[in-house]
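I have placed the structure first, in the form of structure tokens, so that the comments after it can refer back to it.
From a predicted model like this one, the values you see are computed outputs, not experimental measurements. Throughout, a chain's letter reflects where its sequence line sits, starting with A, and its residues are numbered from 1.
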Protein chains: 2
Amino acid sequence: MAAIEICADCSVRDLALCGSLTDHELEALNALGRHQRLSKGETVIWAGDESIICANLLSGVLKLSASTADGREQIVGLHYPADFIGRPYADAADFTVTALTDAQLCVFPRKQFEQVLEDHVRMERLLLQRTFAALDEARGRMLMLGRKSAEEKIAGFLLDMADRAGSSACRATAEGPITFDLPLTRGQIADVLGLTIETVSRQMTKLKASGVIGLPGGRAVTLRDRAALEERAEPA
Amino acid sequence: MAAIEICADCSVRDLALCGSLTDHELEALNALGRHQRLSKGETVIWAGDESIICANLLSGVLKLSASTADGREQIVGLHYPADFIGRPYADAADFTVTALTDAQLCVFPRKQFEQVLEDHVRMERLLLQRTFAALDEARGRMLMLGRKSAEEKIAGFLLDMADRAGSSACRATAEGPITFDLPLTRGQIADVLGLTIETVSRQMTKLKASGVIGLPGGRAVTLRDRAALEERAEPA
DNA sequence: CGCCCTCTTGATTTCGATCAATGCGCGTGG
DNA sequence: CCACGCGCATTGATCGAAATCAAGAGGGCG
């Protein structure tokens, strides 16, 4: 019955990998999983550490990051609710996972999670599909990092964030000017885009000055002219 | 018997995904696969096209690349013999696959390949593991593209290529100074590292001038001082 | 031989990094 | 309640690494 207690009211019940399992199958996972709360800034997985856990993200936003020996950081991925976290089949983690907001995870011991994958082919296939999607996304970001200008990076990033905000639970005022909150600080945006905080700030100011976006204050952004933003993200 | 004919003398028989299959199971794949030769410069998969095929690379080197609307290119991956090519479970290809050298593929229709994956769980698991490894590599490259200097990029790239050359079938003269041929032109190296051809050329010249590497001519490179190269790739 | 392709080298420009100062919102503690 | 401090953001001045523009050199092949 514990199964029902934990999974039945799970906020991401049919968005996460687990959605591929029947109620009956869920019991196996349920016995393994435990909930974990993270505070903003807290790190769950450190690059280089033994790869102990896998998890589903229930709420909040996490960053996946890599660093050079002398401390420069690059965010290589962002995780949102229902995303899968962790690296099955590896003995050490290559990347650090840190909470950008307060967050909740459903955590499984890695080895046991691997066993569940083996026993539930449908779930393994779903994970394979997600992993391919993540790979495509990472490669798309490689193009961004290697070949796009600061302005293109910022414009593209804002469009991405707007799309995510529109589809999920951020405040979006119908059509026309859409306003939403970025879940990232300027510094974190810089770490996603391979820029510095000053360049991010300047480009945002420039977009605001040309009337393409508005910056009502705090983390909020208003899209005033989506077409213009798209043009700046991807010059013909 | 066709199975035996094609797969038995396959040059990557137990390095590729197929290595997970028994001789008996191989027959299924064998019935689907056909060999294809590619000439240097030829493209097998175009970004945006319908995703028709999957393949194993038998010989040669392929690039996986993305482009901006106005023609800037970023190479997002390189494929070597025994690597898996293609994007199962997607209806369109996101990236372009092009031969950097003459090459040979063992090609399967995508849909039918997906069916084989479903029927052979061991192979699917192996593909999942490879996909995770590819994802880790892509993310590592994101750090390189976003945060490393031209010198660090070149030094790291040469070390990677030397390691690959050392393990496989390029000419390597024992220990000490190792010499090998790059399978890429300067322009292609630039497209991997997110640089221009001139910057690649200058950095190579600089490394040669400081005695860290030698450039005997053509595509050849000699590592004269690996430790120094490592220091330049990853400054403490 | 001459052409094409790749690579190298030089001069100059430019974009983004770096250095530096200030502003602003917010929570905490006096 | 206000003052202070702290983290985050903006803005300005300057610097520098890599891009761009431009010219030529080597090398292989028809």
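Each of C:dC7, D:dA19, D:dA9 was ranked by its minimum atom distance to the side chain of B:S201; first place goes to C:dC7. When the nucleotides C:dT6, D:dT20, D:dA18 are ranked by their closest atom to the side chain of B:S149, D:dA18 comes out on top. Residue A:T196 places its side chain closer to C:dA17 than to any other of D:dA18, C:dA17, C:dT6. Side-chain proximity of B:T185 to C:dT6, C:dG16, D:dT11: nearest is C:dT6. The B:E198 side chain lies nearest to C:dT9 when the options are C:dG16, C:dC7, C:dT9.
Using a 4.0 Å cut-off between charged nitrogen and carboxylate oxygen, A:R87 and B:D136 count as a salt-bridge pair. Ion pairing between a basic and an acidic side chain is recognised when a charged N comes within 4.0 Å of a carboxylate O; B:E198 and B:R202 show no such pairing.
Listed here is the closest heavy atom pair of B:R147 and A:E73: NE-O, 2.6 Å.
Taking the centre and axis of the six-membered ring of A:F84, the NZ or CZ atom of A:R130 falls outside the cone set by 45° and 6.0 Å.
One atom, CE of B:M204, and another, P of C:dC7, lie 9 Å apart when rounded to the nearest Å. In this structure, A:L215 atom CG and D:dT10 atom P are separated by 7 Å, rounded to whole Å. Atom P of nucleotide D:dA18 and atom CZ of B:R147 are separated by 14 Å, given to the nearest angstrom. Put simply, CZ on A:R186 is 15 Å from P on C:dC24, counting in whole angstrom units. Distance NZ (B:K40) to P (D:dG28): 13 Å, rounded to an integer number of Å. If you measure from atom CD of A:Q203 to atom P of D:dT10, you get 12 Å, rounded to the nearest angstrom. Between the NZ atom of B:K208 and the P atom of C:dC7 there is a distance of 14 Å, given to the nearest Å. Between the NZ atom of A:K206 and the C1' atom of D:dT11 there is a distance of 15 Å, given to the nearest Å.
Counting non-hydrogen atoms of other residues, nucleotides and ligands closer than 6.0 Å to CZ of B:R13 gives a total above 12.
Residue B:R202 places no side-chain N or O under 4.0 Å from the OP1 or OP2 atom of C:dC7.
Contacts of A:R219 with the nucleic acid, taken as non-hydrogen atoms under 4.0 Å apart, involve only primed sugar atoms and P, OP1 or OP2.
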